[in-house]
Amino acid sequence: MVGRLVVDVTPYFGTYGMGGPGFFALGLGDDWLVVSLWGAGDWLRLEERLLSEIAPDELASLLVGSTITALNVDRVSMNLGFDNGTTLIIDDDSSTRAPWPGTGKPRAMAPDEDLRDGVFLCPTAELWT
């Protein structure tokens, strides 16, 4: 991933037929780098703001045209750096994420979940869940 140019970005990647799970994806030419967390915009932060708080056109202006300089994915966190100095993260601290609607509990990975299983390259923009 490091060295790849971002040519597109979507905070609403994936479909289940009647809508979408809200995965986050970066278009990297012939591939998409996908973060397959349901409602990823409430997990990911860009420059200290939740992605769900950033308009799609502003998000594109911040990321499209930049090059990936770093990607680190652990079991519960992620850090994606770009050559324009921007950083996209999922912090270890679940309090930096939007709480789950209804319960108000922090968004956190279950003990048997691993974020490394949910960050992947996809050769198409047609990802069915």
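Throughout, numbering of the chain's residues begins at 1 and tracks the sequence.
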Asker: Is there a side-chain contact between Thr87 and Glu47 in this structure, where contact means two heavy atoms from C-beta onward sitting under 4.5 Å apart?
Answerer: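 Side chain of Thr87 against side chain of Glu47, heavy atoms only: contact under 4.5 Å found.
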
Asker: Find out whether Thr86 and Leu88 are in side-chain contact, i.e. whether some heavy atom of one side chain is under 4.5 Å from a heavy atom of the other.
Answerer: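 Of all side-chain heavy-atom pairs linking Leu88 with Thr86, none is under 4.5 Å.
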
Asker: Can you tell me how far apart CZ (Phe13) and OG (Ser36) are? Round to the nearest 0.5 Å.
Answerer: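 It is 10.5 Å, given to the nearest 0.5 Å.
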
Asker: Supply the atom-to-atom distance Leu62 CG to Ile54 CD1, rounded to the nearest 0.5 angstrom.
Answerer: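 Leu62 CG to Ile54 CD1: 6.5 Å, rounded to 0.5 Å.
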
Asker: Where is the tightest heavy-atom contact between Pro99 and Gly104, given as atom of each residue plus distance?
Answerer: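 The pair with the smallest heavy-atom distance is CB-O, 3.4 Å.
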
Asker: If you take all heavy atoms of Val76 and Leu115, which pair is closest and at what distance?
Answerer: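 Scanning both residues, the minimum pair turns out to be C-CD2, 4.2 Å.
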
Asker: Are there over 12 heavy-atom neighbours, none belonging to Asn72, within less than 6.0 Å of that residue's CG?
Answerer: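 Yes - once you tally the heavy atoms of other residues, nucleotides and ligands closer than 6.0 Å, there are more than 12.
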
Asker: How many angstroms lie between OG1 in Thr67 and CG in Leu63, if you round to the nearest 0.5 Å?
Answerer: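 Spacing of OG1 (Thr67) from CG (Leu63) equals 11.5 Å.
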
Asker: Can you give me the closest heavy-atom contact between Asp31 and Pro123, atom names plus distance?
Answerer: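 That closest heavy-atom pairing would be OD1-CA, 4.0 Å.
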
Asker: Donor-acceptor check, side chain of Thr69 to backbone of Gly81, threshold 3.5 angstrom: yes or no?
Answerer: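 Yes; at least one donor-acceptor contact below 3.5 Å.
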
Asker: Report whether Leu37 and Trp100 are members of the same hydrophobic cluster (ILVMFWY, side-chain heavy atoms less than 4.5 Å apart, transitive linking).
Answerer: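 Yes: a chain of side-chain contacts under 4.5 Å links Leu37 to Trp100.
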
Asker: Within a strict 4.5 Å, meaning less than it, do heavy atoms of the Phe120 and Val73 side chains meet?
Answerer: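 The answer is no, as the side chains (C-beta and beyond) never meet within the 4.5 Å cut-off.
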
Asker: Any side-chain heavy-atom pair from Leu51 and Leu59 closer than 4.5 angstrom?
Answerer: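 Sidechains of Leu59 and Leu51: in contact.
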
Asker: Should Asp8 and Thr10 count as side-chain neighbours, where that means a heavy-atom distance under 4.5 Å?
Answerer: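 The answer is no; the side chains never approach within 4.5 Å.
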
Asker: Hey, could you give me the CG/CD1 distance between Leu33 and Ile68, rounded to the nearest 0.5 Å?
Answerer: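 These two atoms lie 5.5 Å from each other.
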
Asker: Closer than 3.5 angstrom, by distance alone: can the side chain of Arg75 be matched with the main-chain N or O of Asp114 as a donor-acceptor pair?
Answerer: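 A pair under 3.5 Å: no.
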
Asker: Working to the nearest 0.5 Å, report the span between OG of Ser94 and CH2 of Trp43.
Answerer: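 Ser94 OG to Trp43 CH2: 8.5 Å, rounded to 0.5 Å.
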
Asker: For the residue pair Met78 and Leu71, establish whether any side-chain heavy-atom pair is separated by less than 4.5 Å.
Answerer: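 Sidechains of Leu71 and Met78: in contact.
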
Asker: Please tell me whether Val9 and Leu28 are part of a single hydrophobic cluster in this structure, the criterion being side-chain heavy atoms less than 4.5 Å apart.
Answerer: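 Yes, it is one cluster - the side chains of Val9 and Leu28 are joined through contacts under 4.5 Å.
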
Asker: Looking at CE of Met109 and CG of Asp117, how far apart are the two atoms once the value is rounded to the nearest 0.5 Å?
Answerer: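 CG of Asp117 is found 8.0 Å from CE of Met109.
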
Asker: The test is side chain to side chain contact (heavy atoms under 4.5 Å, CB included); show your working for Val34 and Phe24 and say whether it passes.
Answerer: CA-CA 6 Å; Val34 179; Phe24 174 78; over 6 Å; no

Asker: Treat each ILVMFWY residue as a node, draw an edge where side-chain heavy atoms are under 4.5 Å apart, and state whether Tyr12 and Phe23 are in one component.
Answerer: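 No.
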
Asker: Below 4.5 Å, heavy atoms only, C-beta onward: do Trp32 and Leu121 meet side chain to side chain?
Answerer: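 SC-SC contact between Trp32 and Leu121 ruled out.
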
Asker: Could you verify whether a donor N or O on one side chain and an acceptor N or O on the other, from Asp83 and Ser66, lie under 3.5 Å apart?
Answerer: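 No pair is found: no donor N or O on one side chain lies under 3.5 Å from an acceptor on the other.
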
Asker: Under a 4.0 Å threshold between the charged nitrogen and the carboxylate oxygen, would Arg49 count as salt-bridged to Glu58?
Answerer: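 Arg49 and Glu58: salt-bridged.
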
Asker: May I ask you to decide if Asp91's main-chain N or O and Thr96's side chain share a donor-acceptor pair within less than 3.5 Å?
Answerer: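 It does not hold such a pair.
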
Asker: Of all heavy-atom pairs between Asp92 and Arg97, which one has the smallest distance, and what is that distance?
Answerer: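 Taking every non-hydrogen atom into account, O-NH2, 3.9 Å.
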
Asker: Tell me whether Leu5 is reachable from Leu26 by hopping between hydrophobic residues (I, L, V, M, F, W, Y) whose side-chain heavy atoms are closer than 4.5 Å.
Answerer: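 Each belongs to a different hydrophobic cluster.
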
Asker: Answer yes or no: is there a side-chain heavy-atom contact under 4.5 Å between Val35 and Leu80?
Answerer: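 Answer no - side chains too far apart.
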
Asker: Show your working on side chain to side chain contact (heavy atoms under 4.5 Å, CB included) between Ile89 and Leu46 and close with a plain yes or no.
Answerer: CA-CA 7 Å; Ile89 66 165; Leu46 183 70; over 6 Å; no

Asker: Thinking salt bridges, do Arg107 and Asp42 make one under a 4.0 Å N-O criterion?
Answerer: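 Yes, charged N to carboxylate O under 4.0 Å.
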
